[in-house]
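Questions regarding the structure given below will be posed in turn.
Every chain is numbered from 1 and lettered A, B, ... according to where its sequence line falls, protein lines coming before strand lines.
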Amino acid sequence: MIRVTNLGLAIDGKTILHDISARIPPQGLTAVIGPNGAGKSSLLYCLSGLTRPTSGQVSIDGADITAARTTDRARMLALLPQVTPALPRLTVADLVAFGRWPHHRGRPNDTDRRIVAQAIRDLDLDDLLDRRLDTLSGGQRQRAFIAMNHAQSTPWMLLDEPLSALDPRYASDIMARLVELSRPGTGRAIVVVMHDLAMAVRHADWVICLKAGRLFRSGPPSETLTGAGLSALFDTPIHVEHLRGRPVVIID
Amino acid sequence: MRGWTAAGLALGVLVAASLGIGAGDLSGADGGQLFLASRMPRTAAALLAGAGLALAGAVVQMAVQNRLVEPGLTGTPESAMAGLLAVTLIAPGTPLLGRMIVASVAALAGTAGFLLLARHIPREDPILLPLVGLVYGGILGSAVTWVGWTTDLMQLLSSWQLGEFSGVLQGRYELLWLIAGLAALLYAIADRITMLSLGEDRARSLGLDYRGTLLSGLVVVAVIVAAVVVTVGVLPFVGLIVPNLVSRWRGDNLRANLPMIAAAGGGAVLASDVLGRVIRWPYEIPAGTIFAVAGAVLFLWLLYAPGKAPRRHG
């Protein structure tokens, strides 16, 4: 379980996050949603330990993340940052192999190689092994980065807007894979910052709603992803209806 | 493997040419002496300087995640010169090794200054960073020139500002062998340097000591550049062109490509030096000048040539 207690973050005197207390269950997929500038990515980075909060605590499975050693942290959680413009010309095989770095620190053994091979299979990257990142489509690239995180074999995976800039086909493909990777029994929970409410409604098991740097609401989708809740969160009329047994989001 | 055979052959031909070509006559009475005291050192110096600068370029490019940057565009050689000038003025009797250390520390400080500056440069347009580096290096260079001018040290300064190998003799270039050691060190930390190119967030989330790795990389760059500036002078563009050519061809995995980057850098500089000896026989054109001319053409190609078609697997 991730437990956030009275978390605050200020950068250059500007308050980004204010007194956030929440918990994230240790299985399934948690969506972090909210309007632009609500502090979603900042919260994710505080969870990851890469950003040190100004106040409050983040404890992951009972350990204080800010006090964790770099290597221990990298064995506890994998982070997928937003897409960067400059990508190295690394092959998919090389990239995924770097996922094992926190475990072998430069000396991979057979177990590491086996896990890398498995991660490549799990994300259907066999045909792209020798391709360089800069020659891949957006969806393929995201799959490669997720495979790297998968190979990192951490109980937690944090993703910052992995669906942005993907067309619906790739977005739903990536989302389905994330659901697969966080299925009960995999020993892994996934936290995703996302804008796509339709995806959140479809796939999230738990939801954190942020608004203007504060926790607006958190809980299971039945309590958080309601028409009234989303309308208040985004200050715009939003309805959640059911179509063929599935919830759908309608924005007025 | 074919690439390696071709590279090895080309390098062998260049070395033979460099050893054989020169104003002096090797078959004369002092031929053996000439060979050992001048031709050999000169050939080794060109190979080492070229290899070092190419590796330094690759490290800088990965560190700032920008392919258009090289040590000559981060104020590194200018800072090294500032250090050398300071030593010459304050403690003129300092031995070469001492001057080299001061130059390295100054180069490191100057490069770190550029990195601090780079943190504030937006990354969307990759051309912005090298332009800022150009201005930064220009400002440092003007300051160095001003000091050199007012202290009557312009002649010394000009020996650092244009890389050429005609003055390389046994006993005056050995510092460059440091580069061989630094290349080995770089090989040992090659994976970490490659991880820098994934960006700070990804590298740190993989458990990399980002700052420590960055610092190690910059120390290697600073020492290489200082060694080259002290012994043969600045060779612009080597660190830009060579890593870019190798990266285009073989990608960015530093561990896999380090030998090729070093070989290509050494070969390119040696080729420039051999050409410079031949074009206006028996006079010489500095290798730095030859490389800059050839490099400008290659650079335009790098900027405008379409990316390599993806290789299909299996």
Side-chain angles (χ1 to χ4, degrees), chain A residues 41 44-45 48-51 68-95 97-108 125-137 140 145 148-149 151-152 154 157-158 160, chain B residues 58 61-69 118 122-129 187-213 243-257 306-314:
Chain A
S41 296
L44 195 80
Y45 271 72
S48 78
L50 292 197
T51 297
R69 283 174 45 232
T70 314
T71 309
D72 296 337
R73 197 188 63 212
R75 290 177 187 172
M76 205 141 61
L77 42 88
L79 173 74
L80 185 87
Q82 282 186 36
V83 210
T84 40
L87 279 175
R89 293 185 179 120
L90 288 176
T91 62
V92 170
D94 284 344
L95 181 80
F98 274 124
R100 295 305 297 166
W101 171 266
H103 300 276
H104 64 61
R105 308 283 298 171
R107 286 190 197 80
L125 290 165
D126 301 85
D127 290 342
L128 303 174
L129 269 187
D130 288 341
R131 287 273 297 274
R132 292 186 196 156
L133 295 181
D134 56 326
T135 69
L136 300 180
S137 72
Q140 292 170 331
F145 278 116
M148 175 175 95
N149 284 5
Q152 210 172 327
T154 53
M157 198 190 273
L158 313 176
D160 195 3
Chain B
Q61 283 158 21
M62 289 188 177
V64 299
Q65 287 187 275
N66 188 318
R67 292 183 199 292
L68 301 178
V69 174
R123 293 307 175 90
E124 284 73 23
D125 186 0
I127 206 78
L128 212 51
L129 199 58
Y187 190 78
I189 61 168
D191 285 343
R192 291 162 199 255
I193 302 284
T194 306
M195 283 161 83
L196 293 181
S197 72
L198 291 171
E200 179 171 355
D201 294 342
R202 283 187 211 282
R204 285 180 62 202
S205 76
L206 284 171
L208 183 76
D209 169 14
Y210 184 80
R211 290 192 169 199
T213 306
N244 266 289
L245 287 175
V246 176
S247 158
R248 220 165 216 282
W249 174 32
R250 296 169 54 97
D252 282 336
N253 185 333
L254 186 61
R255 169 139 326 194
N257 293 341
K308 190 182 155 189
R311 208 151 31 105
R312 291 296 306 183
H313 176 63

Please flag which part of A:L136 lies under 4.5 Å from any non-hydrogen atom of chain B: side chain, backbone, both or neither.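 The answer is neither part of A:L136.
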
Under a 4.5 Å cut-off applied to non-hydrogen side-chain atoms, are A:L90 and B:L198 in contact?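 Yes. Closest side-chain heavy atoms under 4.5 Å.
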
Between B:S197, B:S247, B:P126, which has the largest tally of heavy atom pairs under 4.5 Å with chain A? B:S247

Who are the side chain to side chain donor-acceptor pair (under 3.5 Å) partners of A:Q140, not counting sequence neighbours? A:S137

Tell me which pairs pass side-chain hydrogen bond (donor to acceptor under 3.5 Å, both in side chains) where either residue lies in residues 97-107 of chain A, with sequence neighbours left out.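 Sorted pair list: A:R100-A:D112, A:R100-A:S153.
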
On a heavy-atom basis, the closest approach of B:R248 and A:R132 is O-NH1, 3.0 Å

Toward chain A, the part of B:L208 with a non-hydrogen atom under 4.5 Å: both

Between B:R67, B:M62, B:R123, who has the most heavy-atom pairs with chain A when the cutoff is under 4.5 Å?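 Heavy-atom pairs under 4.5 Å are most numerous for B:R67.
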
Check each atom of B:R255 against the heavy atoms of chain A and say whether the ones under 4.5 Å are side chain, backbone, both or neither.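 Answer is neither: B:R255 stays 4.5 Å or more from chain A.
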
Contacting region of A:L87 [heavy-atom separation from chain B under 4.5 Å]: backbone

Between A:T154, A:T71, A:D94, who has the most heavy-atom pairs with chain B when the cutoff is under 4.5 Å? A:D94

Taking the side chain as every heavy atom from C-beta outward, state whether A:R89 and B:N253 have any atom pair closer than 4.5 Å.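 Heavy-atom side-chain distance check fails, nothing below 4.5 Å.
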
Under a 3.5 Å distance rule, please check whether A:R73 uses its side chain to pair with a backbone N or O of B:R204 as donor and acceptor.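 Confirmed, A:R73 side chain pairs with B:R204 backbone.
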
Contact check, side chains of B:R202 and A:F145, non-hydrogen atoms, under 4.5 Å: yes

Are B:L206 and A:Q152 side-chain neighbours, meaning at least one heavy-atom pair lies under 4.5 Å?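 With C-beta onward as the side chain, the pair touches.
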
Residue selection (most heavy-atom pairs with chain B, distance under 4.5 Å) from A:P81, A:A78, A:A74: A:P81

Winner by heavy-atom pair count (cut-off under 4.5 Å) against chain A, out of B:N66, B:I189, B:T194: B:T194

Report yes if some heavy atom in the side chain of A:T70 is under 4.5 Å from a heavy atom in the side chain of B:Y210; otherwise report no. no

